[in-house]
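All ligand and atom numbering here is 1-based and tracks the order in the structure. Basis for what follows: all heavy atoms, side chains included, without hydrogens, waters or symmetry-related copies.
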Amino acid sequence: MQQPPLAAFFSALLAEPRKIGAIVPSGGRLARLMTSEIEPSAGKVLELGPGTGVFTAALLKRGLPARDLTLVELESRFIAPLQQRFPDVTILRRDACELAACKEELGPHAAIVSGLPFRNMPAEIVRAIVGGGFSLLERGGAFYQFTYGHACSVPSDVLDEFGLQAERLGRVRLNIPPASVFRISRRPA
Ligand SMILES: C[S@@+](CC[C@H](N)C(=O)[O-])C[C@H]1O[C@@H](n2cnc3c(N)ncnc32)[C@H](O)[C@@H]1O
C-alpha cells in the first residue's frame, strides 16, 4: 500500500538516516528562499533529492510549468507519493551521482535546486554531483543548495576545481533546523 508523504519521510529516515539527512521536511520559508530566484519563464529546472516535494510545490506555485521540471530522487519510498502529488512533473528514480552520464537524456537546464544532504556525503560524491550538475547547466545557470551549517556545504576545493563561486542568499532561522541557502554559479571569466 502506498504511504502518505510524511509517513514515507519518517520510514525513509528510520531506514537511511544519512541519506535523508534531515529530521523533518524543509519548511515553507526555506522553500520560498530556495526558489526565490527562479522565474516561471526560466526554462528547464532540475530538482535533486525532492523528498516529500516541498521545493517542488514551491517551484510550481511560483508558476514554473510542470513540463519544465524534472525530479531526481534515489529513495524509492518517495517516488509513488511524488507521482501522485505531481502527475505532470517528470520524476526519475536515479542517483544524482549519475548526472554527467544523463547529459544527453536530460539536456541543458537553467537551474538546479538541491535538497541533497552534502554534509553527509564523501567529498568525491559531492564532486561528482556538482560536476555533473554543471555539465547540464546553461552558461548563466545556477545551482541552489541549502545547508544547516553556516558555510557552503560544497567544499572549496570542489568549487575551485570547477571554477565556481558560492554566494549566500540568506539564512532561514524559522526552519527546523535553521538553514542557509547558497547560490553556486560559474565565476565570471
Ligand atoms: C534532506 S532530504 C531533503 C528533502 C526535501 N528536498 C526537503 O528539503 O524537505 C534529502 C533528500 O535527498 C535524497 N537523496 C539522498 N541522496 C541522494 C542521491 N544520491 N541521489 C538522489 N537523491 C538523493 C533523499 O532520499 C532525500 O529525499
Asker: Which residue supplies the protein heavy atom nearest to atom 19 (N) of ligand 1, what is that atom called, and how far is it?
Answerer: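 It is D95 OD1, 2.9 Å.
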Asker: What residues form a ring pair (Phe, Tyr, Trp, His ring centres under 6.0 Å) with Y144, not counting sequence neighbours?
Answerer: none
Asker: If you look at every heavy atom in L92 and L106, which pair is closest and at what distance?
Answerer: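 L92 and L106 have their closest heavy atoms at CD1-CD2, 3.7 Å.
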Asker: Can we call the ring centroids of F146 and F55 under 6.0 Å apart?
Answerer: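 Between F146 and F55, the centre distance is under 6.0 Å.
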Asker: Using non-hydrogen atoms of the residue, decide whether P50 is closer than 4.0 angstrom to ligand 1.
Answerer: yes
Asker: Among all protein heavy atoms, pick the one closest to atom 27 (O) of ligand 1 and tell me residue, atom and distance.
Answerer: E73 OE1, 2.8 Å
Asker: Determine, considering heavy atoms only, which of G27, G49, G51, S26 sits nearest to atom 7 (C) of ligand 1.
Answerer: S26
Asker: A side-chain contact here means heavy atoms from C-beta on lying under 4.5 Å apart; do Q145 and R183 qualify?
Answerer: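 A side-chain contact is absent here, since even the closest heavy-atom pair is not under 4.5 Å.
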Asker: Going by atom types only, do R168 and S180 share a side-chain donor-acceptor pair under 3.5 Å?
Answerer: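 On atom types as modelled, these side chains qualify, holding a pair under 3.5 Å.
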Asker: To check your reading of the model: name the closest protein heavy atom to atom 20 (N) of ligand 1, its residue, and the distance in Å.
Answerer: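 Result: A96 N, 2.9 Å.
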Asker: Is there a heavy atom in L116 that sits closer than 4.0 Å to ligand 1?
Answerer: yes
Asker: Can you find a non-hydrogen atom of R94 under 4.0 Å from ligand 1?
Answerer: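 Checking ligand 1 against R94, which is what was asked, there is a heavy-atom contact under 4.0 Å.
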Asker: Among all the protein's non-hydrogen atoms, which is closest to atom 15 (C) of ligand 1, and how far away is it?
Answerer: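 Ranking protein heavy atoms by distance from atom 15 (C) of ligand 1, first comes K19 O, 3.2 Å.
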Asker: Which residue and non-hydrogen atom of the protein lie closest to atom 22 (N) of ligand 1, and at what distance in Å?
Answerer: L74 N, 3.3 Å
Asker: If we ignore angles and hydrogens, is there a donor and acceptor under 3.5 Å between the side chains of E47 and T70?
Answerer: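 Short answer, no.
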Asker: Between the side chains of R62 and T35, is a donor N or O closer than 3.5 angstrom to an acceptor N or O?
Answerer: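 No.
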Asker: Please state whether E16 comes within less than 4.0 angstrom of ligand 1, counting heavy atoms only.
Answerer: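 Checking ligand 1 against E16, which is what was asked, there is no heavy-atom contact under 4.0 Å.
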Asker: Could you tell me whether a side-chain N or O of E73 sits under 3.5 Å from a main-chain N or O of E75, the two making a donor and an acceptor?
Answerer: yes
Asker: Does I20 have a heavy atom less than 4.0 Å from any atom of ligand 1?
Answerer: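 Distance cut 4.0 Å: I20 passes for ligand 1.
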Asker: Closest non-hydrogen protein atom to atom 3 (C) of ligand 1, residue and atom name please, with distance?
Answerer: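 Of every protein heavy atom, G115 O, 3.3 Å lies nearest to atom 3 (C) of ligand 1.
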Asker: Need the ligand 1 atom indices (1-based, order shown) with element for anything under 4.0 Å from a heavy-atom of E75.
Answerer: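 Every atom of ligand 1 under 4.0 Å from some heavy atom of E75: 25 (O).
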